[in-house]
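Quick notes on the structure that follows.
All figures in this text were calculated on a predicted structure; none of them were measured in a lab.
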Amino acid sequence: MKNIAVIGSGTMGNGIAHVFAQYGYKVSLIDVSEDALKKAVATIDKNLSRQVEKGTLTAENKQQALSLITTFTDLKAGIAQAELVVEAATENVDLKLNIFRELDAHAAPDAILASNTSSISITKIASVTKRPGKVIGMHFMNPVPVMKLVEVIRGYTTTDVVTQTVMELSRALGKVPVEVNDYPGFVANRILMPMINEAICTLHEGVAGVEEIDTVMKLGMAHPMGPLQLADFIGLDVCLAILQVLFQGFGNPKYAPCPLLVNMVQAGHRGVKSGAGFYAYAAGSKELVVAPQFKKA
């Protein structure tokens, strides 16, 4: 397998394209927006340069990786040669189902169709295709070039051959794949999101402030990043979407999103990407500053 297509050029999509190209795969990076594709390639260039500066990659390797990435705004043309397609679009079920219908119609019959979804049912995604056995979850962690884990999710009818192929491919990228079954949130987010939600509830109920909650988890539980900072990093809208999938999938009130999280997302406070969440983010600054509405009087 040498030809990979990646759908979506955002944070996850460009990271996935980066890693495949770094390991010698030809990558078609596909997005409806030409501007988004240009931004993605610039990001990949910058991140590869950072690896060169750290000595983990040579300048020659960087140029070779960049030369393996071709961008497309036409999905049909972009996936024409793909042996594996990895969808990394927004975490929206209707959008993903539409993409997979189109992928199924235009991808080669033997192509494996993978989704980088962090919570949406692989079985549901597979059900809109004529190749459910070749549909699988390939959940990379952010930032993709750094994080080792790939959560490999088997849909109800995903074949053993497809699962093993994706497991071996993940290892070839220097990753550590973990096979899990298809239930809401899989493993990573079924455990992580309730913790983040509980941290938000703890803040909402006035038990402690933003910094205090994050400090307890960093120093007491050895987490590299507190849950509120992590929520900002993931995107509060993404956290809300995953919690809604868990709540709807299990029908258990323990997964109900905290009202504070709902309000913040509705107000457009989505974390790092919007410049405001539990912390305030200024361009060019790495200083961690609690957002004004959460500062203690």
Side-chain angles (χ1 to χ4, degrees), residues 1-75 77-90 112 114-118 138-152 166-177 224-225 230 232-235 238 271-273 275 281-286:
M1 186 178 290
K2 277 294 175 185
N3 296 297
I4 311 296
V6 179
I7 311 295
S9 64
T11 301
M12 296 305 294
N14 73 59
I16 293 166
H18 170 149
V19 169
F20 273 109
Q22 181 183 333
Y23 282 84
Y25 294 86
K26 290 180 67 177
V27 179
S28 298
L29 182 58
I30 305 161
D31 201 298
V32 294
S33 167
E34 186 69 50
D35 287 342
L37 288 167
K38 288 177 182 176
K39 182 179 178 183
V41 172
T43 298
I44 294 169
D45 190 332
K46 179 181 176 183
N47 289 337
L48 287 167
S49 294
R50 187 177 290 120
Q51 289 176 273
V52 173
E53 289 167 10
K54 290 181 178 178
T56 59
L57 200 67
T58 67
E60 184 180 356
N61 291 150
K62 173 196 165 182
Q63 291 308 318
Q64 182 181 10
L66 287 172
S67 73
L68 290 171
I69 300 172
T70 307
T71 60
F72 293 85
T73 54
D74 182 338
L75 183 142
I79 66 172
Q81 304 299 319
E83 296 158 275
L84 168 71
V85 182
V86 182
E87 170 272 317
T90 304
I112 295 172
S115 177
N116 183 58
T117 179
S118 54
M138 201 173 183
H139 180 206
F140 290 85
M141 304 294 130
N142 185 28
V144 181
V146 176
M147 301 293 279
K148 289 290 187 182
L149 177 66
V150 177
E151 203 174 22
V152 177
V166 170
M167 294 284 284
E168 289 166 13
L169 181 61
S170 300
R171 293 187 188 101
L173 298 176
K175 303 299 185 186
V176 178
M225 188 182 292
L230 180 56
D232 277 356
F233 181 72
I234 293 167
V238 175
V272 175
K273 59 189 168 187
Y281 302 91
S285 174
K286 292 186 177 180

*Counting only heavy atoms not in Gln51, do more than 12 fall under 6.0 Å of its CD?*
yes

*Supply the atom-to-atom distance His18 NE2 to Leu48 CG, rounded to the nearest 0.5 angstrom.*
4.0 Å

_Least distance between heavy atoms, Val6 atom then Gly13 atom_ = CG1-O, 3.6 Å

*Write down the atom of Leu37, the atom of Phe72, and the distance for their closest heavy-atom approach.*
CD1-O, 3.3 Å

_Where Leu29 and Ala40 come nearest, the two heavy atoms and their spacing_ = CD2-CB, 4.0 Å

*Could you list the residues that satisfy salt bridge (Lys or Arg N to Asp or Glu O under 4.0 Å) with Lys62, not counting sequence neighbours?*
Asp45

*Does some side-chain heavy atom of Gln81 sit less than 4.5 Å from a side-chain heavy atom of Ser28?*
no

*Does some side-chain heavy atom of Leu169 sit less than 4.5 Å from a side-chain heavy atom of Tyr25?*
yes

_Could you report the tightest heavy-atom contact between Val152 and Ser170, atom names first, then the distance?_
CG2-OG, 4.3 Å

*asked:* With rounding to the nearest 0.5 angstrom, report the CD1 to CD1 distance, Ile44 to Ile16.
replied: 10.5 Å

_Counting C-beta onward and ignoring hydrogens, is there a side-chain heavy-atom pair between Asn61 and Gln22 closer than 4.5 Å?_
no

*Just jot down the side-chain hydrogen bond (donor to acceptor under 3.5 Å, both in side chains) partners of Asn14, sequence neighbours excluded, or say none.*
none

_Considering all heavy atoms, the nearest Ala21-Ala65 contact_ = CB-O, 3.4 Å

*Does some side-chain heavy atom of Ile7 sit less than 4.5 Å from a side-chain heavy atom of Ile79?*
yes

_As an exercise, state the distance from CG of Asn3 to CG of Leu68, rounded to the nearest 0.5 Å._
10.0 Å

_Whether over 12 other heavy atoms sit under 6.0 Å from Lys26 NZ_ = no

_Separation of Met141 CE from Asn116 CG (nearest 0.5 Å)_ = 8.0 Å

*Heavy-atom closest pair, residues Met167 and Pro177*: O-CG, 3.5 Å

*Lys148 NZ: over 12 foreign heavy atoms closer than 6.0 Å*: no

_Given 3.5 Å as the limit, does a donor-acceptor pair link the side chain of Glu83 with the main chain of Lys2, or not?_
yes

*Atom OG1 in Thr117, atom CD in Glu87: separation rounded to 0.5 Å?*
7.0 Å

*Rounded to the nearest 0.5 Å, how far does OG of Ser9 lie from NZ of Lys38?*
12.5 Å

*asked:* For the backbone of Ala36 and the side chain of Asp31, can you confirm whether one donor and one acceptor N or O come within less than 3.5 Å of each other?
replied: no

*May I ask you to test the Ile112-Met1 pair for a side-chain heavy-atom distance under 4.5 Å?*
yes

